[in-house]
There are 2 protein chains.
Amino acid sequence: MSVAVINYDQPMRWEPDSRGRLEQAAISLYGERGFENTTVAEIASRAGLTERTFFRHFADKREVLFAGGLLLQELIVSEVSGAPDSLPPVDAVAVGLEAAGAAIQERGDYPRQRQRMIAASAELQERELIKLAALAARLAEALRERGVDDPAASLTAEVGIAVFRIAVERWNEEDEPGDLPQLIRDSLDQLRAVTAGR
Amino acid sequence: MSVAVINYDQPMRWEPDSRGRLEQAAISLYGERGFENTTVAEIASRAGLTERTFFRHFADKREVLFAGGLLLQELIVSEVSGAPDSLPPVDAVAVGLEAAGAAIQERGDYPRQRQRMIAASAELQERELIKLAALAARLAEALRERGVDDPAASLTAEVGIAVFRIAVERWNEEDEPGDLPQLIRDSLDQLRAVTAGR
DNA sequence: CTGCCTGATGTCAGTTGCTGTCATCAACTA
DNA sequence: TAGTTGATGACAGCAACTGACATCAGGCAG
């Protein structure tokens with residue numbers, strides 16, 4: 001087994017953390033001129049790399065903004081799996097989503113900037129939606145592992161995501177960022193009120 | 001006011017219904033080789049037209065499969081708007097979605113083929129999702145016009161779409177196509193059971 | 001110490017989706 | 001009969017992506 005050694009004195013072949021530099025470059029350019037008005041060549045150039053290298057790190061131009069989503073997904077799923085068995089499915093999902101909300105809030109300004117970028121581009125919205133759909137699928141799986149049967153599991157997951165979406169949307173529209181987990185709880189209550197058969 | 005006259009004898013400059021021919025060509029090619037493996041040039045060629053003309057009729061390669069969606073959207077919205085005022089929001093939405101389900105069912109095999117194509121391509125799924133999101137937005141608007149306040153309106157619309165998605169998905173997975181409106185009703189009942197906070 | 005190997009990057013050529021611009025010309029209109 | 005219009009073609013060009021091969025610092029085996 002070998003140990004990674006970082007050499008601080010001798011010149012390396014390349015500057016380190018090219019992926020991180022690409023991410024930074026992309027986000028700042030998207031912020032400056034908008035997503036559609038920046039080319040991958042420009043991103044690569046600002047990062048001191050080539051276009052080809054960009055595509056080695058990110059599947060496509062949009063993916064830069066969604067690379068971090070996996071961690072959030074894992075957080076949510078682990079929270080759902082770890083929730084007490086006594087908790088009904090919707091509430092288990094709520095636990096996961098609130099944890100995600102809290103995590104998002106801790107990241108400062110970036111999530112809201114990012115959300116505004118997405119709102120400004122149909123292409124990015126499409127990507128966001130399919131990521132959320134994937135999350136819903138993972139959520140449904142987690143519910144099935146809790147013993148929830150399948151029509152109910154998918155439905156609960158999908159509806160949970162809908163609640164989450166609306167809460168995040170409202171959170172983004174606020175002038176001053178409010179309490180996201182609280183917004184999620186509120187939305188879920190609203191949902192209950194709305195579906196409660198008359 | 002002028003009357004459209006169709007000349008059956010004299011040669012026209014172009015074969016009629018180029019848009020329809022493009023649509024047919026695209027759908028059959030997508031079915032034969034899959035969406036990703038067919039180029040717009042091939043579609044245009046099969047339709048006896050040029051690539052440029054394809055893009056005059058359809059905003060992009062995917063849009064061919066979603067062109068008809070507008071009518072369905074209008075159907076749903078008009079059903080919701082026309083539902084008795086006494087009906088609670090969720091049920092008004094249900095009326096619209098069931099009508100859509102019935103309309104889809106009447107179209108024979110095509111909707112299920114189309115759905116299978118979409119399921120086979122991430123790109124198409126993205127488009128599908130954003131179309132459904134647009135539908136949810138229109139639905140929410142229709143609810144607001146019924147006097148439903150906004151957090152509830154968006155939530156109801158979004159959740160209605162989630163129910164619809166799941167029902168259609170299950171319908172597509174069946175060997176023999178079952179009763180879609182019924183599936184929608186069932187899914188909604190499931191939802192009620194699931195959200196009924198104990 | 002030497003020489004091979006590996007992995008991250010560069011280079012380059014090519015495909016495809018999509019757009020702008022201008023030309024064409026049958027059918028309609030005045 | 002002359003002018004206009006609208007659907008199409010022709011063509012050039014950009015940007016997103018992909019495949020194939022070259023490069024070479026750093027690590028590793030001997």
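Since the model is a prediction, treat every value here as computed from it, not as a measurement. Naming convention: chains lettered A, B, ... in sequence-line order (proteins, then strands); numbering from 1 in each chain.
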ask   = When every nucleotide of nucleotides 4-12 of chain C is labelled 5' to 3' by its protein contacts under 4.0 Å (heavy atoms), B for base, S for sugar-phosphate only, - for none, what sequence of letters results?
value = ---BBBBB-
request  = Rounded off to whole Å, could you give me the NZ-to-C1' distance for the Lys61(B) and dT15(C) pair?
outcome  = 12 Å
request  = Check the distance between dT23(D)'s P and Met12(A)'s CE and give it to me in whole angstrom.
outcome  = 23 Å
request  = Using atom CD1 of Ile43(B) as one end and atom C1' of dG17(C) as the other, report the distance to the nearest whole Å.
outcome  = 11 Å
task = Figure out the CG/P separation between Asp60(B) and dT16(C), and round it to whole Å.
result = 17 Å
ask   = Are any side-chain N or O atoms of Arg21(B) and backbone N or O atoms of Pro16(B), one a donor and one an acceptor, separated by less than 3.5 Å?
value = yes
key: ring-ring contact (aromatic ring centres under 6.0 Å, His included) contacts in which one or both residues fall within residues 117-145 of chain A, not counting sequence neighbours   = none
remark   = From CZ of Phe54(B) across to P of dT19(C) the rounded distance in Å is 11 Å
request  = Identify, residue by residue, the members of residues 115-128 of chain B with a heavy atom below 4.0 Å from DNA chain C, and return them in order of residue number, or none.
outcome  = none
Identified side-chain contact (heavy atoms from CB on, under 4.5 Å) counterpart of Thr195(B) within the set Val194(A), Leu191(A), Leu155(A) = Leu191(A)
query = For the residue pair Val93(A) and Gly160(A), what are the closest heavy atoms and their distance?
reply = CG1-CA, 4.1 Å
query = Expressed in angstrom and rounded to an integer, what is the separation of Leu22(B) atom CG from dC18(C) atom P?
reply = 14 Å
task = Answer yes or no: is there a side-chain heavy-atom contact under 4.5 Å between Glu173(A) and Gln115(A)?
result = no
Heavy-atom closest contact (Ala83(B) atom, Arg146(B) atom, distance) = O-NH1, 3.0 Å
message = Looking at Tyr30(B), I'd like to know if the NZ or CZ of Arg62(B) sits under 6.0 Å from its six-membered ring centre while staying within 45 degrees of the ring's axis.
response = no
inquiry  = In whole Å, I'd like the distance from the CZ atom of Phe55(A) to the P atom of dT15(C).
reply    = 18 Å
cation_pi(Arg19(B), Phe58(B)) dist<6.0 Å, angle<=45 = yes
